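Here's the structure, in structure tokens; my notes come after.
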Amino acid sequence: MLLRGLLGPGAAISGLRGLVLLLCLGGAVRASEITFELPDNAKQCFYEEIAQGTKCTLEFQVITGGHYDVDCRLEDPDGIVLYKEMKKQYDSFTFTASRNGTYKFCFSNEFSTFTHKTVYFDFQVGEDPPLFPSENRVTALTQMESACVSIHEALKSVIDYQTHFRLREAQGRSRAEDLNTRVAYWSIGEAIILLVVSIGQVFLLKSFFSDKRTTTTRVGS
């Protein structure tokens with residue numbers, strides 16, 4: 001219905017085919033989007049082959065575990081540190097590859113002794129190619145091309161917002177479950193303390209009214 005309103009009834013079917021093809025071509029950017037478990041005292045590294053001059057973006061967020069923080073480190077093929085942050089909850093870093101080779105980025109939870117983490121990261125390599133060959137030219141886009149570009153940009157925004165809110169929802173659920181567990185343990189502890197105090201008071205009051213018998217021994221002369 002949206003395509004019919006934008007392009008007209010006659011061009012709906014052909015416009016839909018063109019839109020599907022263009023959206024498939026527009027998704028040629030390499031991207032690694034992973035959520036993984038990072039145990040305590042552990043370190044996890046990932047590797048990506050990147051060509052020189054390619055623009056890349058690393059974005060990560062800790063979803064569950066401890067204080068929701070993790071160490072992150074990014075190195076180029078020569079071992080030069082491009083990015084390093086300690087105990088970060090979330091962050092984003094954009095860089096341009098200075099040379100061809102394998103780039104390494106690691107997440108570390110070695111500072112934690114008993115808490116494991118759940119980490120999400122999105123590593124994008126390259127930029128979105130133009131939907132149309134004439135998009136970067138001076139010539140104006142047609143009505144169908146403009147509609148396709150607008151829909152493509154809107155869909156990318158929808159995907160970004162969905163990812164963001166899913167992460168926020170997962171983090172909020174984790175915090176709520178952690179708080180619920182602490183409240184439950186605290187309630188059980190209070191109940192045990194109340195029971196012990198009540199039993200102690202009963203025995204204490206009982207001791208006040210108990211009949212104490214004393215025996216006297218006479219020493220004859």
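All residue numbers in this chain count up from 1 along the given sequence. Note that the coordinates shown come from a computational prediction; the quantities given were computed from them, not determined experimentally.
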Establish whether [X] and [Y] are linked, either directly or via other cluster members, by ILVMFWY side-chain heavy-atom contacts under 4.5 Å.
X: V119; Y: M86; answer: no
X: L38; Y: Y83; answer: yes
X: L204; Y: F209; answer: yes
X: I80; Y: I50; answer: no

Atom of [X], atom of [Y] and distance for their closest heavy-atom approach:
X: Q171; Y: V62; value: NE2-O, 3.0 Å
X: Y103; Y: S98; value: OH-N, 3.3 Å
X: A97; Y: A51; value: CB-O, 3.4 Å
X: H116; Y: P39; value: CB-CA, 3.6 Å

Decide yes or no for [X] and [Y]: does some side-chain heavy atom of the first lie under 4.5 Å from some side-chain heavy atom of the second?
X: T54; Y: C56; result: yes
X: E48; Y: V125; result: yes
X: V70; Y: K88; result: no
X: N109; Y: Q44; result: no
X: T57; Y: S92; result: yes
X: C72; Y: L58; result: yes
X: C45; Y: F105; result: no

Working for ring-ring contact (aromatic ring centres under 6.0 Å, His included), residues F46 and F123:
CA-CA 10 Å; F46 301 87; F123 191 70; 9.7 Å; no
Could you check D122 against Q124 for side chain to side chain donor-acceptor pair (under 3.5 Å), going step by step and ending with a plain yes or no?
CA-CA 6 Å; D122 181 13; Q124 297 182 358; 3.2 Å; yes
Euclidean distance, [Y] [atom2] relative to [X] [atom1], rounded to 0.5 Å:
X: R168; Y: F165; atom1: CZ; atom2: CZ; value: 7.5 Å
X: D91; Y: E85; atom1: CG; atom2: CD; value: 5.5 Å
X: S187; Y: I192; atom1: OG; atom2: CD1; value: 11.0 Å
X: Y185; Y: N180; atom1: OH; atom2: CG; value: 10.5 Å
X: K43; Y: C106; atom1: NZ; atom2: SG; value: 4.5 Å
X: D178; Y: R173; atom1: CG; atom2: CZ; value: 14.0 Å

Using the test side-chain hydrogen bond (donor to acceptor under 3.5 Å, both in side chains), find all partners of E177 that sit at least two apart in sequence or belong to another chain.
none
Please enumerate all residues that pass side-chain hydrogen bond (donor to acceptor under 3.5 Å, both in side chains) together with K156, with sequence neighbours excluded.
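For K156 the side-chain hydrogen bond (donor to acceptor under 3.5 Å, both in side chains) partners, ignoring immediate neighbours, are D128.
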According to side chain to side chain contact (heavy atoms under 4.5 Å, CB included), who are the partners of N41, at least two apart in sequence or on a separate chain?
none
Contacts of type side chain to side chain contact (heavy atoms under 4.5 Å, CB included), residue T118, not counting sequence neighbours
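If we apply the side chain to side chain contact (heavy atoms under 4.5 Å, CB included) test to T118, skipping adjacent residues, the hits are T35, E37, I63, T64.
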Less than 6.0 Å separating the ring centroids of F107 and F121?
yes
Sub-6.0 Å ring centroid separation between F95 and F93:
yes
So, the side chain of [X] versus the backbone of [Y]: is there a donor-acceptor pair under 3.5 Å, distance only?
X: S174; Y: A170; answer: no
X: N100; Y: Q52; answer: yes
X: K117; Y: Y68; answer: no

Among residues two or more places apart or on two chains, list those pairs meeting side-chain hydrogen bond (donor to acceptor under 3.5 Å, both in side chains) that have a residue in residues 190-200.
W186-E190
So is R166 actually on top of Y120's ring, under 6.0 Å and inside 45° of the axis?
no
Charged tip of K87 within 45° of F111 ring normal and under 6.0 Å:
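Yes, K87 lies over the aromatic ring of F111.
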According to the salt bridge (Lys or Arg N to Asp or Glu O under 4.0 Å) rule, which pairs have a member within residues 92-106, sequence neighbours left out?
E75-K104, D78-R99
Does the pair D76 and L82 meet the rule for a side chain to side chain contact (heavy atoms under 4.5 Å, CB included), with working shown?
CA-CA 7 Å; D76 67 358; L82 303 177; 4.1 Å; yes
